[in-house]
Novice: 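My questions all concern the structure below.
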2 protein chains.
Amino acid sequence: MKPEILELENFLPYRLYRLADTVSREFSRIYKERHGLTRPEWRTLSGLGQRGMMTATELGEQSAMHKTKVSRAVAELERRRWLTRAPDENDRRVEHLTLTKAGLAAYREMVPLAKAFEREVLARLSEEERAAIVRGVAALEEALSSS
Amino acid sequence: MKPEILELENFLPYRLYRLADTVSREFSRIYKERHGLTRPEWRTLSGLGQRGMMTATELGEQSAMHKTKVSRAVAELERRRWLTRAPDENDRRVEHLTLTKAGLAAYREMVPLAKAFEREVLARLSEEERAAIVRGVAALEEALSSS
DNA sequence: TTTCGATGGTTACAAATGAAACCAGTTTGG
DNA sequence: CCAAACTGGTTTCATTTGTAACCATCGAAA
């Protein structure tokens, strides 16, 4: 362990990134194969399915997406007729987004698959390991959110 | 918690991705501002600095990069004269990559910054939380590597 | 009320990425 | 010995992404 050497394999930013990339890549197969969705599109669908009605800005906050990603994802889901836009009464810049029947159907189909995926990944860990990853991730999120 | 609803904020793939993205984004400022490196370029520099001499394929394995990323990163670092290629004696398809003095200097300058970054992030956690994230990440890596 | 800075959202453009085709060289099996 | 399969690495092309500029609207202050 010479001090001037950095071991990439043990470097937290790298490990986190690779791990997230692996998990995300594997999970994305589900919505990609199933419906040809991109990640931003999946997150948009997921956000609207969960909350019911949101603005693009809210979507961006909830799912940590840049507003251009939101904009494009919304445009695509609208093109598929999976969501519709409704103007805001008081502020004409704002649009309220809602899933259509078709969008909701896709969402309802995806949810069990997503949950199963998560469950299966976590099932490979011991009880302590599961607790550790949950605790560690939460702690890091908290630590970084205030920076 | 209706069963048909997925809470994105508690969904592991999403949380992991967002966390890694935040950390990686923050860390990237260091090598981006300092030397205008991209992530693949940083990883290449880091890999070669750590191991001394590697082929492009080895680099891809060590740092989990697609071979096109490696190829492009290597090309750019070569353009900067931060690394050189040496043909393999036995296999003329293979090139052995090494950092030049300039590349090594950049690497040596980056290592303490990288370590400091990691230290500072971890310093915001309690001892237990640090142990948890390390344990959890290792466990997940292990669980996914064999899938 | 007019003006000016902020805000919701879209678009244009350049850079980064992934998939697949590709080239050169190497190995294997017949 | 030769063809076919394979491997290291590069390139091409289409897609995705981020930045910044942009448009329209809004709110506050003069």
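Protein chains get the first letters and strands the later ones, always in sequence-line order, with residue 1 at the start of each.
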Novice: Please report, rounded to the nearest Å, how far the P atom of C:dA15 is from the NZ atom of B:Lys69.
Specialist: 18 Å

Novice: Scan A:Thr57 against the nucleic acid and name what it touches under 4.0 Å (heavy atoms): base, sugar-phosphate only, or nothing.
Specialist: sugar-phosphate

Novice: Does this structure show an ion pair linking A:Glu128 with B:Arg135, if we count only N-O contacts that are shorter than 4.0 Å?
Specialist: no

Novice: What integer distance in Å separates B:Asp21:CG from C:dA16:P?
Specialist: 16 Å

Novice: State, to 0.1 Å, how close A:Tyr31 and A:Met110 come at their nearest heavy-atom pair, and which atoms those are.
Specialist: CB-CE, 3.7 Å

Novice: When you check the gap from the basic side-chain N to the acidic O, do B:Arg80 and B:Glu76 get nearer than 4.0 Å?
Specialist: yes

Novice: Any salt bridge linking A:Arg130 with A:Glu127? Criterion: basic side-chain nitrogen under 4.0 Å from a carboxylate oxygen.
Specialist: yes

Novice: Measure the acute angle between the ring planes of B:Phe27 and B:Phe117, then classify it against the limits of 30° and 60° as parallel, tilted or perpendicular.
Specialist: tilted

Novice: Of A:Arg72 and B:Arg72, whose closest DNA chain C nucleotide lies nearer the 5' terminus?
Specialist: A:Arg72

Novice: Using heavy atoms and a sub-4.0 Å distance, could you list which residues of residues 31-50 of chain B are near DNA chain C? By number, please.
Specialist: B:Thr38, B:Pro40

Novice: State whether A:Arg34 and A:Glu109 are salt-bridged, where the test is any N-O pair (Lys NZ or Arg NE/NH1/NH2 against Asp/Glu carboxylate O) under 4.0 Å.
Specialist: yes

Novice: Expressed in angstrom and rounded to an integer, what is the separation of B:Glu95 atom CD from C:dC23 atom C1'?
Specialist: 13 Å

Novice: Using a heavy-atom cut-off of 4.0 Å to chain B, what are the terminal contacting nucleotides of DNA chain D, in 5' to 3' order?
Specialist: D:dT7 to D:dG18

Novice: Is it true that B:Arg79 and B:Glu41 have a side-chain N and a carboxylate O under 4.0 angstrom from each other?
Specialist: no

Novice: If only side-chain N and O atoms of A:Arg25 are considered, is one of them under 4.0 Å from the OP1 or OP2 phosphate oxygen of C:dG18?
Specialist: yes

Novice: Could you tell me how far apart A:Glu58 (CD) and C:dG9 (P) are, to the nearest whole angstrom?
Specialist: 8 Å

Novice: To the nearest angstrom, how far is A:Leu59 atom CG from C:dT10 atom C1'?
Specialist: 16 Å

Novice: At less than 3.5 Å, do the side-chain atoms of A:Arg93 and the base atoms of C:dT7 form a donor-acceptor pair?
Specialist: yes

Novice: Between A:Ala143 and B:Leu125, which heavy-atom pair has the shortest distance, and what is it?
Specialist: CB-CD2, 3.7 Å

Novice: To the nearest Å, give me how far apart CZ (B:Arg85) and C1' (C:dA24) are.
Specialist: 15 Å

Novice: If I take atom CG in residue A:Asn90 and atom C1' in nucleotide C:dT7, what distance separates them, rounded to the nearest angstrom?
Specialist: 15 Å

Novice: With a 3.5 Å cut-off and no angle check, do the side chains of A:Gln50 and B:Glu7 form a donor-acceptor pair?
Specialist: no

Novice: A:Val94 or B:Arg92: which one's nearest nucleotide on DNA chain C is closer to the 5' end?
Specialist: A:Val94

